[in-house]
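To start, the structure under review is shown below, and the notes come after it.
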Protein chains: 2
Amino acid sequence: MSRSDIIQAAAQIFRKKGFHATSMQDIANAVKLQKASIYHHVESKQEILFTILEDALNLLIGDMRAVVDSDLKPKEKLRLAMQVYVGRLTGDADLATVLLLEYRNLEKKLRTRHSVRRDRYEALWRKIIEEGVDQGVFRSVDISIATFAIMGVQNWMITWYREGGRLSALELSDNFSELFLSGLLVEK
Amino acid sequence: MSRSDIIQAAAQIFRKKGFHATSMQDIANAVKLQKASIYHHVESKQEILFTILEDALNLLIGDMRAVVDSDLKPKEKLRLAMQVYVGRLTGDADLATVLLLEYRNLEKKLRTRHSVRRDRYEALWRKIIEEGVDQGVFRSVDISIATFAIMGVQNWMITWYREGGRLSALELSDNFSELFLSGLLVEK
DNA sequence: GTTGAACTACCGACCGGTCGGTAGGGAAAA
DNA sequence: TTTTCCCTACCGACCGGTCGGTAGTTCAAC
């Protein structure tokens, strides 16, 4: 039994029941240990949550840096970024759901630390849109709003996406990026 | 002290701390009653949550029926629907946040009942998009995906919108609808 | 005198977390 | 090769405190 086994089991239960509704006993049962034994591996329930969030965010930041630093055009960067992000959200739903929903339950100090890093992540998305506007391929939209919109569409997936649905992750992300790039209206 | 005072106070605290992190004592303190006295007005903590969700959803369904039943063109229906919905989300953030985030904490039976009604609400959005596609003013996008996307952008607002921000609710919704209708790319 | 709204006092269950202790395996000392 | 020692992983029992909820009572308004 390793620390990461516990973290992973916790993520799964946090996702299903939420952080506060999950007891340390629940986690202990999942890894077939006594509750006390868990404290040999982790400091506290808060630390478990924090670790889950950090791990998830690190993964995403790595993904995004690669896309932003590539020499693709803004349009392709956006498409690729969405492919990768949707892939992560659908691929590890436990991690994703906890990341997006449960960070609220971090105590203040840890939450602040996490928010800083999350803002840094979102700034990478912002950069892609800025680039597109600067190069004249994107209309001069409000950058912040566009970023929020793009994050929102994708993040909200965690509330409705179910594995084995009608569309694959790739089809979903392509639908999204097409929608964002071309809009709903037919050509004028 | 009325029942609705208690419900409203609870919504406020649920929003800030989450359902499970909120104790009946917290709610009692907020309305300056003893915890036991609250049970004179409500059946249980679950019932409080359920009432909040029902009230919020009823409001939204009423809004949406008016828009769908109007004789506006699909493009204007979408614009108006987003204006109204964003107005609600920003106007009563407590209700909105609890509606979108805390319904997960309903016990199974109540959650199922709620989900049915929420699906009925989302079907109204779907209808607008369908109408646009049928009339040939919207491209023939995947209707489900487009609906999820539009709901997602707006619903995700509850995570970042703060009163007194740079843009008004109306400006926000107009930015959103413009983005959805015309897309990011400049005219070809 | 009935009623509704509030109170005090309490319940059993469970919470996150800590305690002292131990089984067992690997390394160092004899 | 045997003995000693230490360390990791784990355990059962327990801590003070809080949880949602209940029982029974008081009291003012009608």
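When atom types are taken as modelled, the side chain of Lys45(A) and the backbone of Phe19(A) share a donor-acceptor pair closer than 3.5 angstrom. Side chain of Ser37(B) to backbone of Leu33(B): no donor-acceptor contact under 3.5 angstrom is found.
Residue Lys32(B) is the one, among Lys32(B) and Asp26(A), whose nearest nucleotide of DNA chain C lies closer to the 5' end (criterion: closest heavy atom).
We find that CE of Met24(A) is positioned 20 Å from P of dG17(D), with the value rounded to whole Å. Residue Gln25(B) contributes atom CD, which lies 16 Å from atom P of dC10(C) at whole-angstrom precision. For the pair Gln34(B) CD and dC27(D) P, the computed distance is 15 Å after rounding to whole Å. Following rounding to the nearest Å, His41(A) (NE2) and dG17(C) (P) show an atom-to-atom distance of 16 Å. Atom CG in Leu33(B) sits about 11 Å away from atom P in dT8(C), given to the nearest Å. Between Ile6(B) atom CD1 and dA5(C) atom P the separation is 10 Å, expressed in whole Å. Per the geometry, OH belonging to Tyr39(B) stands 6 Å off P belonging to dG20(D), to the nearest Å. For the pair Ile38(B) CD1 and dT22(D) C1', the computed distance is 14 Å after rounding to whole Å.
Side-chain N/O atoms of Ser23(B) include none lying less than 4.0 angstrom from OP1 or OP2 on dT18(D). His40(A) has a side-chain polar atom (N or O) that falls below the 4.0 Å cut-off from OP1 or OP2 of dA9(D).
Side-chain to base pairing of Lys45(B) with dG21(D): no donor and acceptor N or O lie closer than 3.5 Å to each other.
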